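Predicted model, so just to flag it, every value in this text is computed and none were measured.
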Amino acid sequence: MAKLSYTRDELMASHAYARPHERAGYLLHGGFLADGTYVSPRVLNRWPAVKAWQEQLTANGWPLIDATVQLLKRGAYPNIPQERHLLSHGYGQPFWNSLTITGVIEARGRALCDLEAPDFQTIIEDDISQTCTGHLHKGLLYAHGADEGGDPAEPQYGAHDAMWFAARDLVFGADRYPLPEVPENIGRPDMGRLMPQLPAGFEQLILLLMNVLMIEVRAECFFSFCCAIMRDKDVFTDRREQAEEAAAMVERIRTDEAIHVGYLQTAISEMRSFTFKTVDGGTVKGKDLIDPIWEGMVHWHAVTQADFAREQTREAIRAGLEKTPDGVRLFAEFDSMDDMAKVA
């Protein structure tokens with residue numbers, strides 16, 4: 001029978017690496033096995049645990065919620081032909097900005113290390129000791145934060161923030177452009193109480209888990225976009241070797257992020273199956289509590305935020321291009337490649 005209960009130390013354990021992860025002047029987390037395979041940090045037991053919890057849930061008749069890019073209603077913007085157009089005309093700042101902003105936002109994820117997660121058992125009637133939800137406060141959230149912004153206990157190792165900066169420096173060279181302005185928040189804003197049946201702290205954590213899961217789903221789209229651009233032999237022609245290494249770096253981040261999607265998807269799916277105790281002394285079925293909120297979260301990330309970000313990005317590119325020679329024509333050509341505009 002698969003193991004379903006873990007200690008914090010077990011969930012934080014890493015593989016024994018044959019060599020460290022050092023690239024582009026950065027000492028990074030994770031490492032390589034003897035056969036050259038990259039392995040993420042802290043997944044020696046995290047992955048087996050998540051898979052076992054998923055199998056237990058589905059065996060009990062509860063499917064995992066969809067957490068794939070099929071949830072997204074909009075493609076990447078700029079799209080690949082548009083980005084190729086910009087880069088082929090020497091205008092790399094939008095892509096530089098995207099890589100930099102992603103790294104800065106990843107660094108903020110370290111806040112999960114400091115999050116005092118409550119024990120969900122206090123508001124759930126079911127026994128959750130052998131579930132993902134029952135382990136959120138036993139290292140799962142801390143491990144996620146350490147992956148994103150670095151483990152406070154091992155500050156010598158860079159995490160996803162440094163990995164994105166390394167990928168950026170590989171394709172462009174260090175300090176190619178000035179640092180961009182970074183959004184304050186990329187998650188759904190506070191909408192007020194959405195689950196008044198629960199204590200506010202638990203509601204806030206559930207909404208955080210949903211927000212972060214959708215950010216991870218959006219990130220998968222960005223991984224594919226970055227790898228396609230970095231591996232395009234018609235761009236970064238003077239830095240092809242470095243660009244290929246940058247794509248490999250993005251693939252390592254992608255490998256790391258898979259466990260985040262896995263445990264968040266599992267926890268939210270499990271919550272649908274539980275019976276929650278309400279603040280008024282009653283109970284509510286998890287499915288009735290979770291489903292409408294999750295539907296709204298998906299729509300905000302997949303449509304509302306995607307459309308808002310597209311317009312902001314388009315305007316920034318227009319303003320930047322029009323400061324360059326022949327920029328008006330280049331922007332018109334750029335706009336003509338917008339497949340979403342054609343659909344609309």
Novice: Please determine if Lys51 forms a cation-pi arrangement with Trp53, meaning its NZ or CZ atom is less than 6.0 Å from the six-membered ring centre and no more than 45° off the ring axis.
Specialist: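 No, cation not above the ring by the 6.0 Å, 45° rule.
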Novice: Using a 6.0 Å cut-off, check whether atom OH of Tyr177 has over 12 heavy atoms from anything other than its own residue.
Specialist: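 Yes, the 6.0 Å shell around OH holds more than 12 heavy atoms from other groups.
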Novice: Taking side-chain contact (heavy atoms from CB on, under 4.5 Å) as the definition, give me every residue that meets it alongside Thr304, ordered by chain and number, with sequence neighbours left out.
Specialist: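 side-chain contact (heavy atoms from CB on, under 4.5 Å) list for Thr304, sorted by chain: His299, Trp300.
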Novice: How many angstroms lie between CD in Gln54 and CD in Glu270, if you round to the nearest 0.5 Å?
Specialist: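 Reported value, rounded in 0.5 Å steps: 9.0 Å.
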Novice: With a 4.5 Å cut-off on side-chain heavy-atom distances among I, L, V, M, F, W and Y, is there a chain of contacts connecting Val328 to Met337?
Specialist: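 Cluster IDs for Val328 and Met337 differ.
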Novice: Between Asp9 and Thr7, do the side chains contain a donor N or O and an acceptor N or O under 3.5 Å apart?
Specialist: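 Not at all, the side chains of Thr7 and Asp9 share no donor-acceptor pair under 3.5 Å.
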Novice: Under 6.0 Å between ring centres: does that hold for Phe172 and Phe236?
Specialist: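 Between Phe172 and Phe236, the centre distance is under 6.0 Å.
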Novice: Keeping Glu295 on the side-chain end and Ile290 on the backbone end, is there a donor-acceptor pair under 3.5 Å?
Specialist: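 Such a contact is absent between Glu295 side chain and Ile290 backbone.
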Novice: If we only count heavy atoms from C-beta on, is the Glu220 to Thr68 side-chain gap below 4.5 Å?
Specialist: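 No. Closest side-chain heavy atoms not under 4.5 Å.
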Novice: If I compare all heavy atoms of Ala159 with all of Gly150, which pair ends up nearest, and what's the gap?
Specialist: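 Nearest heavy atoms, Ala159 then Gly150: CB-N, 3.2 Å.
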Novice: Would Gln70 and Asp66 satisfy side-chain contact (heavy atoms from CB on, under 4.5 Å), going step by step from the backbone distance to the final call?
Specialist: CA-CA 8 Å; Gln70 296 302 312; Asp66 186 8; 4.1 Å; yes
Novice: Is a donor on one side and an acceptor on the other found under 3.5 Å between the side chain of Thr237 and the backbone of Asp234?
Specialist: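 Pair absent, no side-chain N/O of Thr237 close to backbone of Asp234.
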Novice: Say you draw a straight line from CG of Leu289 to CE of Met195; how long is it, rounded to the nearest 0.5 Å?
Specialist: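 The CE atom of Met195 is 5.0 Å from CG of Leu289, to the nearest 0.5 Å.
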Novice: Taking atom CZ of Phe120 and atom CG of Asp126, what is their separation to the nearest 0.5 Å?
Specialist: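 Taking CZ in Phe120 and CG in Asp126, the distance rounds to 13.5 Å.
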Novice: What about Tyr26 and Phe165, are their ring centers closer than 6.0 Å?
Specialist: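 Not close enough - the centres of the two rings lie 6.0 Å or further apart.
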Novice: Would you check if the side chain of Arg239 reaches a backbone N or O of Leu170 as a donor-acceptor pair within less than 3.5 Å?
Specialist: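 Answer holds: yes.
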Novice: Centroid separation under 6.0 Å, is that true for the rings of His135 and Tyr263?
Specialist: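 Ring centres of His135 and Tyr263 not closer than 6.0 Å.
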Novice: Go through it in stages, so that I can follow the logic: the residues are Arg254 and Glu257, the test is salt bridge (Lys or Arg N to Asp or Glu O under 4.0 Å), and I'd like the CA-CA distance, side-chain angles, deciding distance and then a yes or no.
Specialist: CA-CA 5 Å; Arg254 186 185 224 163; Glu257 296 286 11; over 6 Å; no
Novice: Tell me the closest heavy-atom pair linking Asn97 and Pro178, and the distance in Å.
Specialist: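 Closest approach of Asn97 to Pro178: OD1-O, 4.3 Å.
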Novice: If I take atom OG1 from residue Thr100 and atom CZ from residue Phe95, how far apart are they, to the nearest 0.5 angstrom?
Specialist: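 Thr100 atom OG1 to Phe95 atom CZ measures 10.5 Å (nearest 0.5 Å).
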Novice: Residues in salt bridge (charged side-chain N to carboxylate O under 4.0 Å, His left out) with Lys285, at least two apart?
Specialist: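 Counting only residues at least two positions away or on another chain, Lys285 forms no salt bridge (charged side-chain N to carboxylate O under 4.0 Å, His left out).
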Novice: Report the C-alpha distance between Cys226 and Val250 in whole Å, list the side-chain angles of each, state the deciding distance to 0.1 Å, and finish with yes or no for side-chain contact (heavy atoms from CB on, under 4.5 Å).
Specialist: CA-CA 7 Å; Cys226 288; Val250 173; 4.3 Å; yes
Novice: Quick one: CD1 on Ile65 to CD1 on Ile268, what's the gap to the nearest 0.5 Å?
Specialist: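 Taking CD1 in Ile65 and CD1 in Ile268, the distance rounds to 4.5 Å.
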Novice: If every non-hydrogen atom of Leu87 is compared with every non-hydrogen atom of Gly92, which pair is closest and at what distance?
Specialist: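 That closest heavy-atom pairing would be CD2-CA, 3.7 Å.
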Novice: Where do Glu245 and Arg252 land on the salt bridge (Lys or Arg N to Asp or Glu O under 4.0 Å) test, with the steps shown first?
Specialist: CA-CA 11 Å; Glu245 176 61 22; Arg252 292 180 205 124; 3.4 Å; yes
Novice: Is a side-chain donor-acceptor pair under 3.5 Å present for Asp147 with His260?
Specialist: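 Present: a donor and an acceptor within the cut-off.
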Novice: Under 4.5 Å between side-chain heavy atoms, hopping through other hydrophobics if needed: is there a path connecting Val303 to Ile215?
Specialist: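 Val303 does not cluster with Ile215.
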Novice: Should the pair Arg272 and Trp62 be classed as cation-pi, given the thresholds of under 6.0 Å to the six-membered ring centre and 45° from the axis?
Specialist: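 No, Arg272 does not sit over the ring of Trp62.
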Novice: Can you check whether Leu194's main-chain N or O pairs, donor with acceptor, with Glu203's side chain at less than 3.5 Å?
Specialist: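 At least one qualifying donor-acceptor pair exists.
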Novice: For Glu311, I'd like to know if atom CD has over 12 heavy atoms of other residues, nucleotides or ligands within 6.0 Å.
Specialist: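 Counting other residues, nucleotides and ligands, CD of Glu311 exceeds 12 neighbours.
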Novice: Is it the case that over 12 heavy atoms from other parts of the model lie below 6.0 angstrom from the OH atom of Tyr157?
Specialist: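 Incorrect, the count does not exceed 12.
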Novice: Would you check if the side chain of Glu315 reaches a backbone N or O of Gln312 as a donor-acceptor pair within less than 3.5 Å?
Specialist: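 Not a single qualifying donor-acceptor pair exists.
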Novice: Give the intermediate values and the outcome of side-chain contact (heavy atoms from CB on, under 4.5 Å) for residues Thr122 and Phe202.
Specialist: CA-CA 10 Å; Thr122 62; Phe202 287 96; 3.3 Å; yes
Novice: How long is the span from the CG atom in Leu72 to the CZ atom in Arg218, to the nearest 0.5 Å?
Specialist: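 Reported value, rounded in 0.5 Å steps: 8.5 Å.
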Novice: Tell me whether the guanidinium CZ or amine NZ of Arg19 lies under 6.0 angstrom from the six-membered ring centre of Phe32 and within 45° of its axis.
Specialist: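 Ring-cation test returns yes.
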Novice: Is a side-chain N or O of Gln56 found less than 3.5 angstrom from the main chain of Thr131, in a donor-acceptor match?
Specialist: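 It does not hold such a pair.
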Novice: Between the side chain of Thr37 and the main-chain N/O of Leu33, is any donor-acceptor distance below 3.5 Å?
Specialist: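 The answer is no, because no donor-acceptor pair under 3.5 Å joins these two groups.
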Novice: Checking Lys3 against Glu10 for the salt bridge (Lys or Arg N to Asp or Glu O under 4.0 Å) test, could you report, in this order, the C-alpha distance in whole Å, the side-chain angles of both residues, the deciding distance, and whether it holds?
Specialist: CA-CA 12 Å; Lys3 180 177 170 67; Glu10 286 176 325; 3.7 Å; yes
Novice: Can you get from Tyr91 to Ile101 by hopping between Ile, Leu, Val, Met, Phe, Trp and Tyr side chains that sit under 4.5 Å apart?
Specialist: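 Each belongs to a different hydrophobic cluster.
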Novice: Do Ser14 and Val43 pass the side-chain contact (heavy atoms from CB on, under 4.5 Å) test, and can you show the C-alpha distance, the side-chain angles, and the key distance before you say yes or no?
Specialist: CA-CA 6 Å; Ser14 294; Val43 295; over 6 Å; no
Novice: Grab the two heavy atoms, one from Pro325 and one from Leu330, that are nearest each other, plus how far apart they are.
Specialist: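 In terms of heavy atoms, the two residues are closest at O-CD1, 4.3 Å.
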Novice: Give the cluster check for Val171 versus Met249: same hydrophobic cluster or not, with ILVMFWY residues linked at side-chain heavy-atom distances below 4.5 Å.
Specialist: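 Looking at the clustering, Met249 is in the same group as Val171.
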Novice: What about the rings of Phe222 and Trp164, do their centers lie closer together than 6.0 Å?
Specialist: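 Yes - the distance between ring centres of Phe222 and Trp164 falls below the 6.0 Å cut-off.
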Novice: Can any side-chain N or O of Gln82 pair as donor or acceptor with the backbone N or O of Phe334 at less than 3.5 Å?
Specialist: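 Indeed, once roles are kept as given, a pair shorter than 3.5 Å links the two residues.
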Novice: Look at the side-chain heavy atoms of Ile, Leu, Val, Met, Phe, Trp and Tyr, link any pair under 4.5 Å apart, and say whether Met214 and Leu64 land in one connected group.
Specialist: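 No, no single cluster joins them.
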Novice: When you compare the side chains of Arg46 and Ser40, does any donor N or O come within less than 3.5 Å of an acceptor on the partner?
Specialist: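 Short answer, no.
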Novice: Kindly determine whether His301 and Asn211 satisfy side chain to side chain donor-acceptor pair (under 3.5 Å), including the steps that lead there.
Specialist: CA-CA 8 Å; His301 281 276; Asn211 246 324; 2.8 Å; yes
Novice: Before giving the answer on side chain to side chain donor-acceptor pair (under 3.5 Å), spell out for His137 and Glu116 the whole-Å C-alpha distance, their side-chain angles and the decisive distance to 0.1 Å.
Specialist: CA-CA 7 Å; His137 67 302; Glu116 293 291 335; over 6 Å; no
Novice: Hydrogens and angles aside, do His29 and Asp151 bring a side-chain donor and acceptor to less than 3.5 Å of each other?
Specialist: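 Side chains of His29 and Asp151: no pair found under 3.5 Å.
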Novice: Looking only at heavy atoms, what is the nearest atom pair of Gly103 and Asp161, with distance?
Specialist: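 Looking at all heavy atoms of both residues, the closest pair is O-CB, 3.2 Å.
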Novice: Should we say atom CG of Asp280 is surrounded by more than 12 heavy atoms from elsewhere, each under 6.0 Å from it?
Specialist: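 Correct, the count exceeds 12.
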Novice: Which heavy atom in Ala247 sits nearest to a heavy atom in Arg231, and how many Å separate them?
Specialist: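 Closest approach of Ala247 to Arg231, heavy atoms only: CB-NE, 3.5 Å.
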Novice: Treating Asp232 as the side-chain partner and Ala228 as the backbone partner, does any N or O pair qualify as donor plus acceptor under 3.5 Å?
Specialist: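 Checked: no pair found.
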Novice: Check whether the side chains of Glu216 and His144 place a donor and an acceptor atom closer than 3.5 Å, and report yes or no.
Specialist: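 A donor-acceptor contact under 3.5 Å links the two side chains.
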